[in-house]
Amino acid sequence: GTDEAAIAGAAQWAVETLVRRYLEAGQLEQVAETQLRGASLPFERMLRRKLNRDAAWTCSDQLQQPARAIGILQRLFDEDPADEIALASVTRFARLLDEAGQHAELAALWEGQARCRAEAGDRPSAAALWARAGRIWEVELGDVERAIAVHREGAALGGETSLESLARIYGDRKDLRAAALVLEWLA
């Protein structure tokens with residue numbers, strides 16, 4: 001009850017105070033470690049996720065440790081790719097993956113975000129994210145079969161970019177029947 005709330009409040013204050021003191025002293029590794037340790041405490045879920053996210057940004061921005069930041073963010077997105085912490089972090093996470101050349105992980109991130117948007121009823125955003133993932137599979141990774149599968153997801157939501165990509169891919173493959181079906185959808 002109230003004892004647990006008081007203990008949690010004191011623990012949160014202690015973590016925040018340590019982070020602030022380490023920041024003021026320029027002890028950035030200690031900042032990240034304190035944020036990660038704080039995230040492992042039995043705080044409320046959103047506070048733990050915020051501490052993990054903050055640790056990732058400390059690793060990325062202050063410590064120039066993008067691989068460590070990516071690992072932290074990947075765990076965050078594996079846990080919940082659709083909450084406010086993830087949604088506020090997705091663009092920066094994508095940039096880190098892209099800069100690290102982790103294109104398969106980047107495409108998978110956009111696929112996961114497309115599923116989240118579709119589940120939330122945002123079909124246009126979901127279709128755009130499927131198209132983005134499909135382009136990465138095709139252009140960056142050369143996996144045309146995966147690109148087709150991903151573009152089909154976007155096309156099923158009415159995504160014109162995915163439909164156009166499918167028509168182009170099928171045309172390039174001389175699969176004229178499949179290309180004609182896709183072009184009918186576009187018409």
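Given the structure is predicted, the values throughout are model-derived calculations rather than measurements.
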Atom pair CG (Leu106) and CG (Asp98), whose distance is rounded to the nearest 0.5 Å:
5.5 Å
Heavy atoms, side chains only, cut-off 4.5 Å: are Val19 and Asp54 in contact?
no
Got a sec: does the CZ of Arg173 have more than 12 other heavy atoms crowding it under 6.0 Å?
yes
Taking atom CD of Glu140 as the centre, report whether more than 12 heavy atoms of other residues, nucleotides or ligands fall under 6.0 Å from it.
yes
Under the criterion side-chain contact (heavy atoms from CB on, under 4.5 Å), which of Leu18, Val31, Thr34 is the partner of Leu23?
Val31
Between Arg45 and Lys50, is there a side-chain heavy-atom distance shorter than 4.5 Å?
no
Hey, any chance Ile7 and Phe43 share a hydrophobic cluster, counting ILVMFWY side chains that come within less than 4.5 Å of each other, even indirectly?
no
Taking everything shown except Glu4 itself, do over 12 heavy atoms lie less than 6.0 Å from its CD?
no
Keeping Ser40 on the side-chain end and Arg37 on the backbone end, is there a donor-acceptor pair under 3.5 Å?
yes
Measure across Cys116 and Pro81 and return the closest heavy-atom pair with its distance rounded to 0.1 Å.
SG-CG, 3.6 Å
Min side-chain heavy-atom separation Phe93-Leu76 under 4.5 Å:
no
Which atom pair, heavy atoms only, marks the closest approach of Leu157 to Ala118?
CD1-CB, 4.5 Å
For Trp137 and Glu111, test the side chains for any donor-to-acceptor distance below 3.5 angstrom and give the result as yes or no.
yes
Criterion side-chain contact (heavy atoms from CB on, under 4.5 Å) against Ile70, the qualifying member of Glu105, Gln102, Glu99
Gln102
Answer with yes or no whether the hydrophobic clustering places Val150 together with Ile169; edges join I, L, V, M, F, W, Y residues whose side-chain heavy atoms lie under 4.5 Å apart.
no
Side-chain donor/acceptor of Arg117 to backbone N/O of Asp122, under 3.5 Å:
no
Look up atom CD in Gln27 and atom OH in Tyr22, then write down how far apart they are to the nearest 0.5 Å.
6.5 Å
Check ion pair Asp61-Arg92 (N to O, under 4.0 angstrom):
yes
Distance-minimising heavy-atom pair for Leu51 and Gly38:
CD1-C, 3.5 Å
Backbone N or O of Arg68 within a donor-acceptor pair of the Gln65 side chain at under 3.5 Å?
no
Can you see which heavy atom on Leu87 is nearest to which on Gln113, and at what distance?
CD2-OE1, 3.5 Å
Take Arg152 and Trp130 through the side-chain contact (heavy atoms from CB on, under 4.5 Å) test and state the conclusion after the steps.
CA-CA 8 Å; Arg152 283 181 177 162; Trp130 284 117; over 6 Å; no
Provide the closest heavy-atom pair for Ala32 versus Ala55 in the form atom of the first, atom of the second, distance.
O-CB, 4.0 Å
Spatial distance of atom CD1 (Ile72) from atom CD (Gln74) [nearest 0.5 Å]:
12.0 Å
Is the backbone N or O of Asp80 less than 3.5 Å from a side-chain atom of Arg49, with the two atoms forming a donor-acceptor pair by type?
yes
Using the side-chain contact (heavy atoms from CB on, under 4.5 Å) rule, take Leu141 and Arg146 through it: C-alpha gap first, then chi angles, then the decisive distance, then the call.
CA-CA 10 Å; Leu141 297 166; Arg146 180 76 181 257; over 6 Å; no
When rounded to the nearest 0.5 Å, the distance separating CG of Asp143 from CD1 of Ile136 is 12.5 Å
Is a side-chain donor or acceptor of Thr17 paired with a backbone partner of Trp13 at a separation under 3.5 angstrom?
yes
Minimal heavy-atom distance between His151 and Arg135, with the atoms involved, is NE2-N, 3.8 Å
CA sep, side-chain torsions, deciding dist, call: Trp110, Val90, side-chain contact (heavy atoms from CB on, under 4.5 Å):
CA-CA 9 Å; Trp110 291 131; Val90 70; 3.9 Å; yes
So CD1 of Ile148 and CD of Glu153: to nearest 0.5 Å the spacing works out to 13.5 Å
Leu41 vs Arg48 side-chain heavy atoms within contact, under 4.5 Å:
no
Under the criterion side-chain contact (heavy atoms from CB on, under 4.5 Å), I'd like the reasoning laid out for Leu73 against Trp57: C-alpha separation, chi angles, the key distance, then a yes or no.
CA-CA 9 Å; Leu73 290 166; Trp57 300 148; 3.5 Å; yes
Are Asn52 and Gln35 packed together at the side-chain level, in the sense that at least one heavy-atom pair is separated by less than 4.5 angstrom?
no
